Amino acid sequence: MATKPHPHERIWRTVLAVPEGYVASYGQIADLAGLPGRARMVGKALGFAPDDLQVPWYRIVRSDGRIAFPAGSEYAERQKQQLLEEGVVVLKNRIKMNEFGWKPDLAELLMKLEF
DNA sequence: CGACTGACGCCGA
DNA sequence: CTCGGCGCCAGTC
């Protein structure tokens, strides 16, 4: 049944639910992970994410669709590259949320991540 | 305990 | 569309 893992773990598992070819915002992940108001914590958690978990950190962007890292920075470039590789269009360091924003199906979501 | 710091979010200028 | 300011939350000093 529903267990109650450490916040970081819940965040990782939620991010793992974001499908290839789509992106989600930090705040959206925080909400889905049951941590409303903690968008900033999502960024931190992604930084701590164990490599073996294969967390798709690059699918997380700001609510307005912009990549959180400074445009042109090493991290921003790598994130853009990862996204482009799976078909997500990135222009001017930003993604069109109306087109690539992930709108999770509630039923499937509950099934997929029982905390 | 207060000040400062972010992979944030929202709103007004 | 870009900035600036402010709220927010968990850490760190």
Side-chain angles (χ1 to χ4, degrees):
Chain A
M1 242 318 261
T3 54
K4 235 171 188 291
H6 186 74
H8 285 170
E9 204 177 311
R10 302 173 60 139
I11 291 173
W12 298 329
R13 292 174 59 177
T14 305
V15 175
L16 256 332
V18 181
E20 180 180 339
Y22 288 90
V23 296
S25 73
Y26 294 89
Q28 180 181 9
I29 294 300
D31 290 340
L32 295 177
L35 301 167
R38 267 147 288 185
R40 309 190 90 122
M41 182 190 274
V42 173
K44 288 289 172 71
L46 289 179
F48 298 138
D51 294 15
D52 55 295
L53 282 188
Q54 305 268 23
V55 179
W57 61 274
Y58 54 85
R59 292 187 222 184
I60 310 306
V61 297
R62 290 190 178 169
S63 63
D64 62 4
R66 293 187 316 170
I67 286 178
F69 300 106
S73 67
E74 193 59 40
Y75 282 115
E77 286 307 304
R78 288 204 323 213
Q79 180 164 15
K80 180 171 77 174
Q81 199 51 227
Q82 291 291 301
L83 291 173
L84 292 176
E85 281 177 33
E86 50 182 64
V88 175
V89 179
V90 182
L91 289 179
K92 301 301 178 182
N93 214 57
R94 75 180 9 169
I95 294 85
K96 291 186 179 183
M97 296 309 269
N98 288 318
E99 190 171 356
F100 302 100
W102 177 46
K103 290 93 179 168
D105 175 73
L106 184 54
E108 184 190 322
L109 193 59
L110 290 175
M111 190 67 93
K112 208 158 183 166
L113 38 86
E114 263 296 319
F115 290 127

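When reading the values below, keep in mind they use all heavy atoms of this one structure, side chains included, and skip hydrogens, waters and symmetry mates. Here the structure is a predicted model, which means the values were calculated and not measured. Lettering follows sequence order; numbering is per chain, from 1.
- If you check residues 89-98 of chain A against DNA chain C, the residues with a heavy atom closer than 4.0 Å are Arg94(A), listed by number.
- Counting only heavy atoms from C-beta outward, the side chains of Glu20(A) and Arg59(A) approach each other to under 4.5 Å.
- Inter-residue side-chain proximity for Val55(A) and Leu16(A) is flagged as met; some heavy-atom pair is nearer than 4.5 Å.
- The shortest distance between side-chain heavy atoms of Ile29(A) and Leu35(A) does not fall below 4.5 Å.
- For the pair Lys44(A) NZ and dC9(C) C1', the interatomic distance rounds to 9 Å; values are reported in whole Å.
- Taking atom CZ on Arg40(A) and atom P on dA7(B), their separation rounds to 9 Å, with Å as the unit.
- Atom CD1 in Ile11(A) sits roughly 11 Å away from atom C1' in dC9(C) (whole-Å rounding).
- Within a 6.0 Å radius of CG in Asn98(A), other residues, nucleotides and ligands contribute 12 heavy atoms or fewer.
- Atom-to-atom, NE2 of His8(A) to P of dC9(C) comes out at 16 Å; the value is rounded to the nearest Å.
- Atom CG in Leu46(A) sits about 16 Å away from atom P in dA10(C), given to the nearest Å.
- Salt bridge absent: Asp64(A) and Arg62(A) never bring a charged side-chain N and a carboxylate O closer than 4.0 Å.
- Contact annotation: Arg38(A) reaches the phosphate of dA10(C) (side-chain N/O to OP1 or OP2, under 4.0 Å).
- For the pair Ile67(A) CD1 and dC8(B) C1', the interatomic distance rounds to 15 Å; values are reported in whole Å.
- For the 3.5 Å distance criterion, the side chains of Tyr58(A) and Glu85(A) fail to qualify, holding no donor opposite an acceptor.
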Task: side chain to side chain contact (heavy atoms under 4.5 Å, CB included) between Gln79(A) and Val90(A), worked out - done: CA-CA 10 Å; Gln79(A) 180 164 15; Val90(A) 182; over 6 Å; no
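- Only Ser25(A), Tyr26(A), Gly27(A), listed by number, bring a heavy atom of residues 23-32 of chain A to less than 4.0 angstrom from any atom of DNA chain B.
- Using bins of under 30°, 30° to 60° and over 60° for the plane-to-plane angle, the ring pair Trp57(A)/Phe69(A) lands in the perpendicular bin.
- When the P atom of dC8(C) is taken as reference, atom CG of Leu35(A) falls 17 Å away, rounded to whole Å.
- Ring-plane geometry between Trp12(A) and His8(A) is classed as tilted, the angle between the planes lying from 30 to 60 degrees on a 0 to 90 degree scale.
- The shortest distance between the side-chain N/O atoms of Arg62(A) and the OP1/OP2 oxygens of dC8(B) is below 4.0 Å.
- For Ser63(A) and dG9(B), the shortest distance from a side-chain N or O to OP1 or OP2 is below 4.0 Å.
- Between Arg66(A) atom CZ and dC10(B) atom P the separation is 13 Å, expressed in whole Å.
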